[in-house]
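Here the structure is laid out as structure tokens; the discussion comes afterwards.
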Amino acid sequence: GAGVSQSPSNKVTEKGKDVELRCDPISGHTALYWYRQSLGQGLEFLIYFQGNSAPDKSGLPSDRFSAERTGGSVSTLTIQRTQQEDSAVYLCASSLGGLAEQFFGPGTRLTVL
Amino acid sequence: TQLLEQSPQFLSIQEGENLTVYCNSSSVFSSLQWYRQEPGEGPVLLVTVVTGGEVKKLKRLTFQFGDARKDSSLHITAAQPGDTGLYLCAGPLLYNFNKFYFGSGTKLNVKP
């Protein structure tokens, strides 16, 4: 596709369940970012991938959060034992790396009941 | 505490007015980017400023990067309803491109 895609667009889950969010970056983009955005707020950095490796995982809020990237392309963000405070929009972005422009996907809106 | 503080948080103005949005930090940034985000969509890059003191113009928008690379401003001349949205500043700290920090955003509403 031409842009960054994310799935699902919306996810409603019950507290305690695990969820997986997917990001398909722009083809050829080596850098991939995950962010979290609460309603009307700025973005909170979660994790950054350069290729398949994540040099900085310090943004992950707790050990319930994990992310992986395979083949230098698709990435999944997994949240285990979801809590209500995990409810937010999760945004993925990709770029050519460094200071290059980040292109964002439309996000996944996660609601934990 | 946000590393990048934006002000004002909310701004509601009439079409044709001018406005300035500020992005401040006590830390030095490699560069600062400005994004605009509309409801239900991801942010879209407007500009990147890299050099301290740099000024960039994009039609009615003027972006400035502070001399010390700790702050930036966005000035809009003769605002239009199409300028409505959430404006975000963001950037990596000096010598660390692994982590991008975003400001909390300025929600702009331009009334016709």
Side-chain angles (χ1 to χ4, degrees), chain A residues 1-10 21 23-26 29-51 53-60 67 69 88-109, chain B residues 1-11 21-25 29-51 54 56 58 65 69 84-109:
Chain A
V4 178
S5 60
Q6 292 186 245
S7 61
S9 55
N10 276 287
L21 312 180
C23 173
D24 281 87
I26 292 172
H29 279 190
T30 55
L32 187 147
Y33 305 80
W34 282 99
Y35 297 93
R36 180 168 71 173
Q37 185 175 33
S38 299
L39 188 63
Q41 299 294 306
L43 278 66
E44 175 190 2
F45 169 88
L46 296 179
I47 192 168
Y48 155 73
F49 286 93
Q50 180 57 43
S53 63
D56 191 333
K57 299 183 181 180
S58 63
L60 294 175
R69 189 180 186 195
V89 175
Y90 289 81
L91 289 158
C92 171
S94 71
S95 81
L96 292 171
L99 300 178
E101 177 179 359
Q102 294 183 39
F103 293 84
F104 282 82
T108 294
R109 180 175 295 279
Chain B
T1 324
Q2 295 268 157
L3 203 62
L4 283 167
E5 296 285 347
Q6 283 188 243
S7 61
Q9 278 188 288
F10 301 96
L11 198 50
V21 176
Y22 299 93
C23 174
N24 295 297
S25 179
F29 281 77
S30 299
S31 66
L32 277 178
Q33 299 178 334
W34 284 91
Y35 291 81
R36 188 173 86 195
Q37 185 180 23
E38 301 197 21
E41 299 180 8
V44 175
L45 182 68
L46 297 173
V47 80
T48 301
V49 284
V50 180
T51 308
E54 182 176 2
K56 276 191 175 176
L58 191 69
F65 199 11
R69 291 156 73 169
T84 293
L86 180 68
Y87 288 81
L88 298 156
C89 63
L93 291 174
L94 200 60
Y95 308 126
N96 182 3
F97 296 166
N98 292 341
K99 194 168 182 174
F100 264 72
Y101 295 88
F102 273 78
S104 52
T106 294
K107 202 166 215 175
L108 173 64
N109 180 35

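Chain naming here is simple, since letters A, B, ... match the order of the sequence lines and numbering starts at 1 in each.
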**Complete:** Cut-off 4.5 Å, heavy atoms of chain B, and the answer for Leu91(A) is side chain
**Prompt:** In terms of heavy-atom proximity below 4.5 Å to chain B, should Phe103(A) be classed as side chain, backbone, both, or neither?
**Reply:** neither
**Asked** Does any heavy atom of chain A fall under 4.5 Å from the side chain of Leu45(B), the backbone, both, or neither of them?
**Response** both
**Request:** Name the region of Tyr101(B), side chain, backbone, both or neither, that has any atom closer than 4.5 Å to a heavy atom of chain A.
**Result:** neither
**Request:** Ignoring hydrogens and angles, state whether a donor on the side chain of Glu5(B) or Ser104(B) is under 3.5 Å from an acceptor on the partner side chain.
**Result:** no
**Asked** With a 3.5 Å cut-off and no angle check, do the side chains of Gln37(B) and Gln37(A) form a donor-acceptor pair?
**Response** yes
**Prompt:** Any donor and acceptor pair, going by atom type alone, linking the side chain of Gln6(B) with main-chain N or O of Cys89(B) inside 3.5 Å?
**Reply:** yes
**Asked** Is Ser25(B) reaching over with its side chain to a backbone N or O of Leu3(B), donor-acceptor style, under 3.5 angstrom?
**Response** yes
**Request:** Over 60° means perpendicular and under 30° means parallel, so classify the ring planes of Tyr35(A) and Phe102(B), tilted if in between.
**Result:** perpendicular
**Asked** If you tally heavy-atom pairs under 4.5 Å against chain A, which of Pro43(B), Gly40(B), Pro39(B) wins?
**Response** Pro43(B)
